[in-house]
Number of protein chains: 2
Amino acid sequence: MATENHNIFTSEIIDALSIDCTIFGFQESRLKVLLVKHAEGIIKNQWALPGGWVAYNEDIHVAAYRLLKDLTGVKELYLEQLKAFGEVDRYPKKRVITIAYYALTRPENYQLIPGFTASDARWFNIEDIANLPYDHGQILDFSWRRLKRKVKYAPIGFNLLPEKFTLLQLQELYEAILEIRLDKPNFRRKIMKMNLLVPCDEKQIGVSHRAANLYHFDMQVYDKLTEDGFIFEF
Amino acid sequence: MATENHNIFTSEIIDALSIDCTIFGFQESRLKVLLVKHAEGIIKNQWALPGGWVAYNEDIHVAAYRLLKDLTGVKELYLEQLKAFGEVDRYPKKRVITIAYYALTRPENYQLIPGFTASDARWFNIEDIANLPYDHGQILDFSWRRLKRKVKYAPIGFNLLPEKFTLLQLQELYEAILEIRLDKPNFRRKIMKMNLLVPCDEKQIGVSHRAANLYHFDMQVYDKLTEDGFIFEF
DNA sequence: AAAACTTGTAGTCATGTTGACTATAAGAAT
DNA sequence: ATTCTTATAGTCAACATGACTACAAGTTTT
């Protein structure tokens, strides 16, 4: 088996297995993805999905959390496994199968702290991302497709919004994820019928037009919908 | 790293990585799953999901095909990866992460040929399956949940039917997968509106009642629906 | 041969959902 | 005061849905 120097848990990792993660965020009505600049290794100074090696005695889901925290400083997020990517030549020099995750978080809640083997961490507009190393482009595509599908039958998109938000923000979130345009009155009608949103007794502040009502989730309905699934077709 | 004897590609496999597969079939209006009886190893003589080790120079998808063919004799099927299961203690004695696949096939098209490390291979009614070893019960649950979700937005369920089939067979397939009952006329109306089915100029034979029309897929529409996705809500 | 039985297939109807659109409200900026 | 922007309410025709009824085309029973 080919070997190579890597400085994380050198003696303890599962040599042929890594984790890579697509972290989605939503800011200024755009869908964003968090990339890290590698500080060392084969792709030093290139932007790539955050990832790393799984320790021998570590649950893979735990490993994904650990890597994200160490590389980017992001701690609280919705994290879900996508699938394993295992083409023979996906990684140079040796055989490495990677388990891909995707995560949803709120960029404004965190200060990015590049750490470990990352010299920088930044949010990119998803449409601007090109030329990722290895098969990270493929992983990103797969992640986005999964997100597009998932927001239609689970209320997970809400993990990307601040706690209190307007209906337009919610609509723009769907528009950004699905790359479509929606009719405002119809969107309102549809989303309100689900009883998922509860109006706060608060309005937007600091906007130069009529202030919109702020809403938050009814967590009971949220949990129920998450469990039962629902269909949100446009 | 803990070691152990296994007699498949002993020197060439990725030690910590295996593949397990849930193969679905549909027979006598019931949803079935193919299990194999292990001929050796830790769970000798127990029924379990077919699976095995990935070779060092083998694409994981190719490995899944190979294992299914070797263990069960089943060659042509729809095969899709689910995800990796990687709890630390899921496998005794050493750390093994498994990549789970699920497959759809037509039981009547194949003779089961247990081979390799399997002494027997048989179709089981999915509701009758209990006490699978390792975390195979969890993998089976996950597979079924994925199948339930997937048949609602892709025409994949059709991989389980014979080439020519009646509308009732199709309806019973949905009923078996989703564990629901459907109204016959309404089901017809809905499925026919999709233009997915083309009537063969043939009727059922050998039935003791009015013979139903046989249908097959319009492969063009089938491919288009597979690509675009659709919603089949009941 | 007629009646009873089983499954297939067509159609009805009230209700609900959808998409496209109009209208008005509530502010801020000019 | 007028204009601009976004919020929010409501209308309407077209379509989809779920619950049924009715009838057709065969087999089996009597």
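In what follows, chains carry the letters A, B, and so on, assigned in the order in which the sequence lines appear, proteins first and then strands, with residues in each chain numbered from 1.
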Separation of atom [atom1] in [X] from atom [atom2] in [N], rounded to whole Å:
X      : N      : atom1 : atom2 : result
A:R181 : C:dC21 : CZ    : C1'   : 17 Å
B:L168 : C:dT6  : CG    : C1'   : 12 Å
A:I191 : D:dA7  : CD1   : C1'   : 16 Å
B:Q169 : C:dT9  : CD    : P     : 12 Å
B:M192 : C:dG11 : CE    : P     : 13 Å
B:L167 : C:dA10 : CG    : P     : 9 Å
A:L182 : C:dC21 : CG    : C1'   : 16 Å
B:K203 : D:dA24 : NZ    : C1'   : 10 Å

Worksheet entry | CD-CG distance between B:E80 and B:N159, expressed to the nearest 0.5 angstrom | 10.5 Å

Fill in: Heavy-atom neighbours of A:R146 CZ exceed 12 at 6.0 Å
yes

Item to complete: Compare side-chain N and O positions of B:R210 against OP1 and OP2 of D:dT27 and report whether any pair is under 4.0 Å apart.
Response: no

Practice prompt. Establish, with yes or no, whether the OP1 or OP2 oxygen of D:dA7 is under 4.0 angstrom from a side-chain nitrogen or oxygen of A:K184.
Written response: yes

Using modelled atom types and a 3.5 Å cut-off, is there a donor and acceptor pairing between side-chain atoms of [X] and backbone atoms of [Y]?
X      : Y     : answer
A:T72  : A:V74 : yes
B:Y110 : B:E76 : yes
B:W123 : B:L35 : no

Table of protein N/O atoms under 3.5 Å from nucleotides 16-21 of chain D N/O atoms:
residue, atom, partner, partner atom, Å
D:dT17, OP1, B:K190, NZ, 3.0
D:dT17, OP2, B:K193, NZ, 3.2
D:dG18, N7, B:N186, ND2, 3.4
D:dG18, N7, B:R189, NH2, 2.7
D:dG18, O6, B:R189, NH1, 3.0
D:dG18, O6, B:R189, NH2, 3.4
D:dA19, N7, B:N186, ND2, 2.9
D:dA19, N6, B:N186, OD1, 3.3

Worksheet item: For A:F142, is the NZ or CZ atom of A:K83 found under 6.0 angstrom from the centre of its six-membered ring and inside 45 degrees of the ring axis?
Response: yes

Worksheet entry | Counterpart residues, ring-ring contact (aromatic ring centres under 6.0 Å, His included), relative to A:F124 (two or more places apart) | A:W47

Response to the item:
DNA chain C nearest-nucleotide lookup for B:N213 and B:S208: closer to the 5′ end is B:S208

